[in-house]
Amino acid sequence: VQLQASGGGLVQAGDSLRLSCAASGPTLSNYALAWFRQAPGKERELVARINWDNGLTYYPDSAKGRFTISRDDAKNTIGLEMNSLKPEDTADYYCAASYHWTAVRGQYNYWGQGTQVTVSS
């Protein structure tokens with residue numbers, strides 16, 4: 001599986017931004033897809049994940065209510081809609097795929113390159 005993230009940019013606090021991740025290669029059936037982010041000097045953290053087959057989603061508290069992950073079967077993409085952005089959301093955002101329904105970073109088998117999101121105050 002190859003993943004290509006896009007959509008990052010510079011926005012102001014309170015704005016919205018949508019990230020997209022295009023997947024190529026074998027079918028995404030049986031995979032969990034996720035978005036992680038990594039801010040300077042911090043560990044990479046999960047912000048949302050989705051089960052490709054049944055659409056089940058999971059969000060940590062930091063993203064719940066503001067971020068929405070989605071999938072497009074026809075385009076083989078996942079998206080991350082981010083609303084009410086805060087300066088602390090500033091980070092490089094990565095999409096990833098795992099054979100397991102997991103929140104553990106080390107269990108993700110495939111990673112896209114990061115797309116940078118900067119939120120100014």
Side-chain angles (χ1 to χ4, degrees):
V1 176
Q2 293 182 322
L3 304 171
Q4 180 80 26
S6 62
L10 172 63
V11 297
Q12 293 187 331
D15 283 353
S16 297
L17 194 64
R18 178 177 174 80
L19 305 182
S20 184
C21 178
S24 60
T27 176
L28 293 177
S29 181
N30 297 320
Y31 280 89
L33 281 297
W35 287 96
F36 287 77
R37 69 184 180 188
Q38 186 166 19
K42 295 188 176 181
E43 290 191 354
R44 194 171 295 188
E45 62 174 356
L46 178 76
V47 295
R49 57 188 165 111
I50 187 166
N51 183 298
W52 187 264
D53 292 324
N54 60 25
L56 181 67
T57 58
Y58 167 83
Y59 304 91
D61 289 344
S62 60
K64 201 172 295 183
R66 297 191 302 125
F67 292 5
T68 303
I69 189 171
S70 61
R71 75 190 196 286
D72 186 324
D73 293 7
K75 296 181 179 179
N76 232 33
T77 61
I78 61 168
L80 183 69
E81 184 74 28
M82 302 185 292
N83 299 314
S84 303
L85 283 163
K86 307 174 183 179
E88 50 265 42
D89 294 318
T90 294
D92 289 328
Y93 284 70
Y94 299 85
C95 54
S98 173
Y99 302 125
H100 308 285
W101 180 242
T102 179
V104 178
R105 181 183 66 222
Q107 293 184 351
Y108 279 80
N109 309 94
Y110 304 98
W111 291 86
Q113 90 295 353
T115 185
Q116 188 173 53
V117 173
T118 303
V119 184
S120 64
S121 57

Inset, instruction - Answer yes or no: is there a donor N or O on one side and an acceptor on the other, between the side chain of N83 and the main chain of S16, under 3.5 Å? - result: no
Legend entry - Where L28 and A23 come nearest, the two heavy atoms and their spacing: CD1-CB, 3.6 Å
Inset, instruction - Would you name the heavy atoms of A91 and R37 that are closest together and state the gap between them? - result: CB-CB, 3.9 Å
Inset, instruction - Look only at the side chain of Y58 and the backbone of N51, and say whether a donor-acceptor pair between them is shorter than 3.5 Å. - result: no
Legend entry - Residues which pass side-chain hydrogen bond (donor to acceptor under 3.5 Å, both in side chains) with Q4, listed by chain and number, not counting sequence neighbours: none
Inset, instruction - Ignoring hydrogens and angles, tell me if any N or O in the side chain of T90 forms a donor-acceptor pair with the backbone of V119 under 3.5 Å. - result: yes
Inset, instruction - Report, as yes or no, whether the 6.0 Å neighbourhood of atom CD on Q107 holds more than 12 heavy atoms from other residues, nucleotides or ligands. - result: yes
Legend entry - Point-to-point distance, once rounded to the nearest 0.5 Å, from CG of D53 to CZ of R71: 7.5 Å
Legend entry - Spatial distance of atom CG (L33) from atom CG (N76) [nearest 0.5 Å]: 8.5 Å
Inset, instruction - Quick one: closest heavy-atom pair of G9 and L17, and the distance? - result: N-CD2, 4.0 Å
Legend entry - Over all atoms of both residues, closest heavy-atom pair of K42 and Q38: O-NE2, 3.1 Å
Legend entry - Distance in Å, S62 OG paired with L46 CG, rounded so as to fall on 0.5 Å steps: 8.0 Å
Inset, instruction - Could you verify whether a donor N or O on one side chain and an acceptor N or O on the other, from Y108 and Y31, lie under 3.5 Å apart? - result: no
Inset, instruction - Would you confirm whether Q113, through its side chain, and A5, through its main-chain N or O, come within 3.5 Å as a donor-acceptor pair? - result: yes
Inset, instruction - Quick one: pull up OG in S84 and CG in D15 and give me the separation to the nearest 0.5 Å. - result: 9.5 Å
Legend entry - Straight-line distance of L19 CG to T77 OG1, nearest 0.5 Å: 12.0 Å
Legend entry - Quiz item: cation-pi between R44 and Y94, 6.0 Å / 45°: yes
Inset, instruction - Carefully, step by step, assess W111 and F36 under the rule ring pair (Phe, Tyr, Trp, His ring centres under 6.0 Å). - result: CA-CA 10 Å; W111 291 86; F36 287 77; 4.9 Å; yes
Inset, instruction - Before giving the answer on side-chain contact (heavy atoms from CB on, under 4.5 Å), spell out for V117 and M82 the whole-Å C-alpha distance, their side-chain angles and the decisive distance to 0.1 Å. - result: CA-CA 11 Å; V117 173; M82 302 185 292; 4.0 Å; yes
Inset, instruction - Measure the spacing between OH of Y110 and OH of Y99 and express it to the nearest 0.5 Å. - result: 3.0 Å
Inset, instruction - Determine, for D89 against K86, whether the closest basic-nitrogen to carboxylate-oxygen distance falls under 4.0 angstrom. - result: no
Inset, instruction - Would you name the heavy atoms of A48 and L80 that are closest together and state the gap between them? - result: CB-CD1, 4.0 Å
Inset, instruction - Quick one: closest heavy-atom pair of T115 and S6, and the distance? - result: OG1-C, 3.9 Å
